[in-house]
There are 2 protein chains.
Amino acid sequence: MTQAAPNLDDLIANPDGPLAQFLCFSVYSTGLAFNRLYKPLLDRLGLTYLQYITLIALSRRDDQTVKELGEALFLESNTLTPLLKRLEASDLLTRRRDTADERVVRLALTAQGREVLRKARCVPEEVLEATGMAVEELIALNDQLKALRGHLQAGAR
Amino acid sequence: MTQAAPNLDDLIANPDGPLAQFLCFSVYSTGLAFNRLYKPLLDRLGLTYLQYITLIALSRRDDQTVKELGEALFLESNTLTPLLKRLEASDLLTRRRDTADERVVRLALTAQGREVLRKARCVPEEVLEATGMAVEELIALNDQLKALRGHLQAGAR
DNA sequence: CGCATATAAATCGCACGCGATTTAATCGCA
DNA sequence: TGCGATTAAATCGCGTGCGATTTATATGCG
């Protein structure tokens with residue numbers, strides 16, 4: 001640890017300071033690192049990370065709408081529609097117009113979609129090991145990030 | 001807080017549990033939230049978030065190579081080359097082959113690049129406010145994320 | 001009913017990220 | 001010196017993310 005600890009000056013008064021002191025960059029680059037860790041694990045199943053979390057989200061409840069899925073994933077139809085079409089083409093889910101409201105598309109996992117998720121059951125444990133951190137620490141980190149995300153969403157409005 | 005606190009079972013034995021309990025997802029979605037917060041601030045300068053952190057990284061030292069920049073940003077030439085060409089086309093930086101080693105491309109901000117960064121000086125403070133968290137908390141979170149990123153990189157190898 | 005408004009999803013264009021490969025230049029070692 | 005191995009950057013294809021717009025349907029209010 002030759003690097004000085006970040007302080008208020010680094011974060012506020014010194015915007016051109018080391019990149020490492022930008023929280024946004026730590027979030028960004030940790031996201032890249034997670035993606036790189038997941039990639040080989042999910043390649044075995046033919047899934048991307050987004051496809052993986054989409055299947056998990058759908059496994060929690062049948063007949064979710066695109067809008068509901070988007071609220072769970074923090075994404076909108078411009079991202080989800082192409083993704084869902086690819087997953088439908090792979091026979092992992094079905095997309096059906098709601099008969100009561102033809103604007104709505106309802107999503108459901110296929111048997112094959114559930115089968116892929118079953119094969120993916122070992123993934124979280126493998127990822128957990130790779131974090132190399134204590135579970136309590138991960139839980140605390142998770143909670144802090146959720147709080148931060150909430151603030152950022154409020155601030156972006 | 002109606003939601004039960006996540007525990008070890010949720011994280012390990014219950015991989016199909018609520019998305020919110022996946023740390024990777026919190027990192028992912030917080031990254032999306034940061035991007036959405038930055039977008040209107042950086043649109044004023046005609047920059048994307050990646051372009052913004054690239055200029056900051058280059059402002060720290062002149063004549064960095066693409067490889068060195070990649071190590072700072074955790075990215076490789078397949079991502080950086082098109083990005084750098086766009087920034088060069090916007091006259092924000094220059095790309096020159098190293099005369100001593102023609103394989104290497106050296107990068108330097110132009111006067112206009114430094115000018116854009118100068119205009120961006122207020123951005124970190126605006127973002128900091130939007131986080132709605134105490135500076136000490138942000139620093140702790142930053143440190144934890146950097147540690148996590150380090151573990152993930154080691155685990156992905 | 002009739003028509004403006006609102007809503008859900010889809011479409012389009014562009015900028016990332018990245019695996020895989022290619023091109024060009026340098027290195028290493030007999 | 002020569003030549004295979006290594007390295008730096010570029011290229012290519014594909015899957016996200018997202019702002020902006022479009023299409024189709026439903027709602028609300030006179």
Side-chain angles (χ1 to χ4, degrees), chain A residues 25 28-44 46-54 63-71 73-90 92 95-107 153 156, chain B residues 25 28-44 46-54 63-71 73-90 92 95-107 153 156:
Chain A
F25 182 71
Y28 168 74
S29 54
T30 303
L32 295 181
F34 258 126
N35 235 307
R36 288 166 194 153
L37 177 66
Y38 268 104
K39 184 136 335 209
L41 306 180
L42 294 178
D43 272 353
R44 304 183 305 212
L47 296 177
T48 66
Y49 177 70
L50 178 58
Q51 290 168 359
Y52 170 63
I53 61 174
T54 298
D63 294 322
Q64 277 182 85
T65 68
V66 172
K67 182 173 185 61
E68 288 166 345
L69 177 64
E71 284 163 359
L73 299 182
F74 303 99
L75 293 170
E76 295 179 34
S77 68
N78 50 4
T79 297
L80 291 176
T81 296
L83 166 79
L84 294 168
K85 285 186 171 180
R86 281 188 287 271
L87 290 172
E88 184 185 41
S90 304
L92 300 181
R95 296 159 66 241
R96 289 183 305 107
R97 288 280 165 184
D98 188 309
T99 50
D101 185 343
E102 288 281 343
R103 292 173 303 180
V104 171
V105 167
R106 297 207 168 264
L107 308 163
Q153 284 167 338
Chain B
F25 181 71
Y28 167 76
S29 53
T30 303
L32 295 182
F34 259 125
N35 235 306
R36 288 166 194 152
L37 176 66
Y38 269 104
K39 183 136 338 211
L41 306 181
L42 295 178
D43 272 353
R44 304 183 304 213
L47 295 177
T48 66
Y49 176 70
L50 178 59
Q51 291 168 358
Y52 170 64
I53 60 174
T54 298
D63 293 323
Q64 276 183 86
T65 68
V66 172
K67 182 172 184 60
E68 288 166 345
L69 177 64
E71 285 161 0
L73 299 182
F74 303 99
L75 293 170
E76 295 178 33
S77 67
N78 50 4
T79 298
L80 291 176
T81 297
L83 166 80
L84 294 169
K85 284 185 172 180
R86 280 187 289 270
L87 290 171
E88 184 185 39
S90 303
L92 300 181
R95 295 158 68 239
R96 288 184 305 107
R97 288 279 166 183
D98 188 310
T99 51
D101 184 344
E102 288 281 343
R103 293 173 302 181
V104 172
V105 167
R106 297 208 169 265
L107 307 164
Q153 284 167 338

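Please read all numbers here as calculations on a predicted model, not as lab measurements. Residue numbers begin at 1 in each chain, while the letters A, B, ... track the order of the sequences.
- The shortest side-chain heavy-atom distance between B/Val66 and B/Val104 does not fall under the 4.5 Å cut-off.
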Could you walk me through whether B/Val105 and B/Arg97 pass the side chain to side chain contact (heavy atoms under 4.5 Å, CB included) test, one step at a time? CA-CA 4 Å; B/Val105 167; B/Arg97 288 279 166 183; 3.6 Å; yes

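- Between the NZ atom of B/Lys85 and the P atom of D/dA9 there is a distance of 13 Å, given to the nearest Å.
- One can place CG of B/Leu42 at 15 Å from C1' of D/dC18, the figure rounded to the nearest angstrom.
- Atoms CG and CD, from B/Leu107 and B/Glu68 in turn, are 9.0 Å apart once rounded to the nearest 0.5 Å.
- Between the CG atom of B/Leu84 and the C1' atom of D/dA9 there is a distance of 10 Å, given to the nearest Å.
- Over its full length, the helix from C/dC1-D/dG30 to C/dA30-D/dT1 turns its helical axis through 10°, comparing axes from the five pairs at each end and rounding to 10°.
- Within residues 75-83 of chain A, the residues that place at least one heavy atom under 4.0 Å from DNA chain D are, in residue-number order, A/Leu75, A/Asn78, A/Thr79, A/Leu83.
- To the nearest angstrom, P of D/dG19 lies 12 Å from CG of B/Leu37.
- Ring planes of A/Tyr38 and A/Tyr52: tilted class, angle from 30 to 60°.
- Remark: side-chain polar atoms of A/Asp98 are paired, donor with acceptor, to backbone N or O of A/Asp101 under 3.5 angstrom.
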What verdict does the side chain to side chain contact (heavy atoms under 4.5 Å, CB included) test give for B/Gln64 and B/Arg106, after you've listed the backbone C-alpha separation in whole Å, the side-chain angles of each residue and the deciding distance to 0.1 Å? CA-CA 5 Å; B/Gln64 276 183 86; B/Arg106 297 208 169 265; over 6 Å; no

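- Here B/Arg106 lies out of heavy-atom contact (under 4.0 Å) with every strand.
- Residue B/Tyr38 contributes atom OH, which lies 16 Å from atom P of D/dG19 at whole-angstrom precision.
- Residues A/Ala100 and A/Leu50 both approach DNA chain D. Their nearest nucleotides, taken by heavy-atom distance, put A/Leu50 toward the 5′ side.
- Note: CZ (A/Arg86) to P (D/dG17) measures 10 Å, nearest angstrom.
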Please report the C-alpha distance between B/Thr48 and B/Leu42 in whole Å, then the side-chain angles of each, then the deciding distance to 0.1 Å, and finally whether the side chain to side chain contact (heavy atoms under 4.5 Å, CB included) criterion is met. CA-CA 6 Å; B/Thr48 66; B/Leu42 295 178; over 6 Å; no

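- Contacts between chain B and DNA chain C, taken as any atom within less than 4.0 angstrom of a protein heavy atom, begin and end at C/dA15 to C/dT26.
- Taking for each of B/Thr99 and A/Tyr28 the nucleotide of DNA chain C with the nearest heavy atom, the 5'-most of the two is the partner of A/Tyr28.
- The interatomic distance linking A/Asp43 (CG) with D/dG15 (C1') rounds to 12 Å, in whole Å.
- B/Arg97 has no side-chain polar atom (N or O) that falls below the 4.0 Å cut-off from OP1 or OP2 of D/dA9.
- Between B/Arg96 and B/Asp63 there is a salt bridge, since at least one side-chain N of the basic residue sits less than 4.0 Å from a carboxylate O of the acidic one.
- Looking only at side-chain heavy atoms (C-beta outward), B/Phe25 and A/Phe34 stay at 4.5 Å or farther from each other.
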In sequence, state the C-alpha distance, the side-chain angles, and the governing distance for B/Leu75 and B/Leu50, and then conclude on side chain to side chain contact (heavy atoms under 4.5 Å, CB included). CA-CA 11 Å; B/Leu75 293 170; B/Leu50 178 59; 3.6 Å; yes

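- In terms of position on DNA chain D, the residue among A/Glu102 and B/Asp101 whose nearest nucleotide sits closer to the 5' end is B/Asp101.
- For the pair B/Leu47 CG and D/dG19 P, the computed distance is 16 Å after rounding to whole Å.
- In this structure, A/Tyr28 OH and B/Phe74 CZ are separated by 10.5 Å, a value rounded to the nearest 0.5 Å.
- By the 4.5 Å heavy-atom criterion applied to side chains, A/Leu80 and A/Glu76 are not counted as neighbours.
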